[in-house]
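See structure below.
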Amino acid sequence: MSQAPLLADAPSSQERLLVIYTGGTIGMQPHENGLTPAGNFPERLTKALNQLPLQLQQSLPAYDVISYTSLIDSSAATPLTWQQLAADIAKRFADYRGFVVIHGTDTLSWTAASLAYQLQGLDRPVVLTGAMSPLESANSDALGNLYGALRFAANPELQEVAIYFANRLLRGVRAIKQHSEADEAFASPSYPLLGERIGDDFILFPSRGLAYQQRGAPRFELVDYQPVAHGEVVRITLWPGITPWQLEAWLSHPSVKGALLQLWGAGNLPDNPDLLAVIAKASGEGKLIAAISQCPQGSVHLGAYAAGHGLADAGVLSGDAMTPEAAYTKLVHVLAQPLSPEDQRKRFLTALVGER
Ligand code: ASP
């Protein structure tokens with residue numbers, strides 16, 4: 001993706017934020033086939049922020065905006081989109097005190113999770129936001145989300161990838177989209193809020209932040225995702241009646257290098273040794289296979305029940321309470337690197353950015 005920079009006026013650049021507009025409902029306008037991503041975002045953003053009460057306008061940090069020239073509905077995002085965004089942030093990292101990424105909500109939590117792995121050791125904020133209705137529509141949530149994202153992105157105590165949405169700041173690698181219509185579209189089922197807007201105050205809970213738990217210099221891992229961006233990592237959610245041949249169709253495919261299995265409850269699958277045999281065969285061939293639960297809350301405990309016994313022996317790695325987004329993007333991130341199978345397994349099991 002390429003960008004057309006458009007810089008707002010302000011002091012010097014290290015005091016500024018960079019806003020990156022990628023598309024999504026927030027910037028969409030109606031067309032004959034439905035809502036479509038629309039351009040002119042920097043001007044539209046300024047116009048919208050100018051509608052805020054003066055006191056709030058004065059509390060805004062200075063910022064520059066870049067807009068991608070190919071704006072997308074985020075349902076079109078791929079691992080290459082995640083890679084491009086991380087590269088764009090890394091390229092401008094030294095020039096800005098924080099970043100706001102404006103993104104469609106459908107896959108916003110996937111992008112946030114992926115950015116967290118690519119931008120490890122962040123020492124400043126990267127805040128993603130979007131909206132459930134377009135900026136110019138009546139009663140839109142867009143302005144509130146943009147304002148809040150800018151405010152949190154200006155707080156140097158926030159040192160990780162976060163999502164600001166509907167007055168709440170969530171850890172990016174712990175978030176899921178939980179509602180297709182409500183303004184409160186995102187949740188963080190297994191980690192508390194990183195911050196909150198209460199009235200006009202933006203409150204950060206620093207002790208929950210990564211900066212507090214994991215200090216260290218930026219150690220970005222900007223990996224080429226090409227080798228895993230064309231179906232090499234699959235996600236399989238079990239359903240009652242799933243058969244070994246169906247599982248095998250995915251796992252034995254020569255292109256597949258890794259799989260995320262979404263099991264039942266605490267980590268169970270049907271009592272059918274042939275299913276386990278398919279999984280064991282794939283992991284024996286060096287495919288990286290991880291398991292999480294279909295339940296949005298709680299962890300998997302492989303082998304706690306007889307119905308899940310055998311998964312660990314079949315080489316399946318526990319994803320604990322990771323979200324599908326966190327587990328899948330981690331498989332992508334790990335499998336894209338030239339690591340030995342042993343190191344891939346170790347990396348997957350290590351908490352890298354507070355995802356588990
Ligand atoms: N389909 C839109 C997108 O993800 C939905 C949204 O932004 O709310 O780009």
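Numbering of ligands and ligand atoms starts at 1, following listing order. This chain uses plain numbering: 1 for the first residue, then up along the sequence.
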At a 4.0 Å threshold, what atoms of ligand 1 neighbour a non-hydrogen atom of G24?
7 (O), 9 (O)
Salt bridge between R97 and E15, side-chain N to carboxylate O under 4.0 Å?
no
Tell me, which protein residue and heavy-atom name are nearest atom 1 (N) of ligand 1, and how many Å apart are they?
D106 OD2, 2.7 Å
Among all protein heavy atoms, pick the one closest to atom 6 (C) of ligand 1 and tell me residue, atom and distance.
T25 OG1, 2.8 Å
So, E325 and R235, do they make that salt bridge, N to O below 4.0 Å?
no
NZ or CZ of R124 within 45° of F93 ring axis and under 6.0 Å:
yes
Counting from 1 in the order shown, the ligand 1 atoms closer than 4.0 Å to a non-hydrogen atom of G104 are 3 (C), 4 (O), 7 (O), 9 (O)
Using a strict cut-off of less than 4.0 Å between a Lys/Arg side-chain nitrogen and an Asp/Glu carboxylate oxygen, indicate whether K281 and E285 qualify as a salt bridge.
yes
Does the N or O separation between A131 and ligand 1 drop below 3.5 Å for any pair?
yes
of all protein heavy atoms, closest to atom 9 (O) of ligand 1 is S74 N, 2.7 Å
Any nitrogen or oxygen of D73, side chain or backbone, less than 3.5 Å from one on ligand 1?
yes
Electrostatic pair K330:E355 at N-O distance under 4.0 angstrom
yes
Checking a contact table here: which protein heavy atom is nearest atom 8 (O) of ligand 1, and how many Å away?
T105 OG1, 2.5 Å
Under a 4.5 Å cut-off applied to non-hydrogen side-chain atoms, are F41 and S67 in contact?
yes
